[in-house]
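Data first, discussion second: the structure below is written as structure tokens.
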Amino acid sequence: MKKIFKYTFYLALLALFLIWFANYRVTNTTKDQLYSSVHEIPHNKVGMVLGTTKLLAGGYLNYYFTYRIEATAALYKAGKIDYIVVSGDHSRNDYNEPKDMEQALIEQGVPKEKIYLDYAGLRTLDSVYRMQAIFGQDSFTIISQPFHNERAVYIANHLDLNTVAYNAQDVSRNFGFKTMLREKFARVKVLLDNLINKKPKHLGAPVQIGEGIIQERAQDK
């Protein structure tokens, strides 16, 4: 029992260290690439908004979704991005993050022809990787909440992509506690993914942005 307790204690210490190290590294190596001012962020041809569900269980509004849409529309209207890739999960017929984001952006005044849909953004890694592999963008702006932006930019840096991120309004800690807890473990997974050079689940045919052709469904299924 003493040996079991000792090994359990050491494993717990190791886990805590990994969580601390991952959080420290992701935050401190990306902080200069994150912007909260629409006036200060540099221009990029394309902005990518990271997907999340529009509604929570019980039909409640997901403020992560709302604030990301508002931030993306603000960047577009300020002339800081010319086109938008909405990247999210459409792994089920009854669940379509990209379409929900597209519709919300149109309601915010963004023209439909400026929006491109990435249906295979199943994870943040997939979304970032596919921006270069599918949409041909080596430089782009990432849009999400600050904690999510840090992780996405960290992934982009590992892939030698030139990115900045615009911080959407964050959600109160009381509302977003579970999300923040998951984020701690997600950052550990990012370090492991980088070690093994993890690739997206889906790739597909290239999509040209700015050619006047809207890609309704990337060839990724």
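The model shown is predicted, which means the values in this text are computed figures rather than measured ones.
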Shared ILVMFWY cluster between Y129 and V207, side chains joined below 4.5 angstrom?
yes
To check you understand the geometry: which heavy-atom pair defines the closest contact between H39 and K80, and what is its length?
O-NZ, 3.4 Å
Identify the heavy atoms of N44 and T141 that sit nearest to each other, and give their distance.
ND2-OG1, 3.0 Å
Out of curiosity, L16 CG to F21 CZ, how far, rounded to the nearest 0.5 Å?
15.0 Å
Evaluation steps, side chain to side chain contact (heavy atoms under 4.5 Å, CB included), between S144 and V49
CA-CA 6 Å; S144 190; V49 55; over 6 Å; no
Closest non-hydrogen contact found for V164 with P42 is CG1-CG, 4.1 Å
Is there a path from L122 to F65 through hydrophobic residues (I, L, V, M, F, W, Y) whose side chains come within less than 4.5 Å of each other?
no
Inter-residue atom distance I115.CD1 - I84.CD1, 0.5 Å rounding
5.5 Å
If you take all heavy atoms of V38 and A78, which pair is closest and at what distance?
CG2-CB, 3.6 Å
Exercise: do E150 and T30 side chains pair donor with acceptor under 3.5 Å:
no
Which residue is it: R92, K99, E97? I am looking for the one with a side chain to side chain donor-acceptor pair (under 3.5 Å) to Y95.
E97
Treating Ile, Leu, Val, Met, Phe, Trp and Tyr as nodes and any side-chain heavy-atom pair under 4.5 angstrom as an edge, say whether I155 and Y24 lie in one connected cluster.
yes
Taking every heavy atom of L61 against every heavy atom of L55, the minimum-distance pair comes out as CA-CD2, 4.1 Å
Would you call the rings of Y83 and Y116 parallel, tilted or perpendicular, taking 30° and 60° as the class edges?
perpendicular
Atom pair NZ (K184) and CZ (F147), whose distance is rounded to the nearest 0.5 Å:
10.5 Å
Is there a path of hydrophobic side-chain contacts, each under 4.5 Å between heavy atoms of I/L/V/M/F/W/Y residues, joining F17 to V26?
yes
Do you know the tightest heavy-atom contact between P98 and V86?
O-CG2, 3.7 Å
Which value, rounded to the nearest 0.5 Å, describes the distance between R123 atom CZ and D126 atom CG?
6.0 Å
Take D82 and H43 through the test side chain to side chain donor-acceptor pair (under 3.5 Å) and record every step on the way to the result.
CA-CA 9 Å; D82 305 319; H43 171 271; 3.0 Å; yes
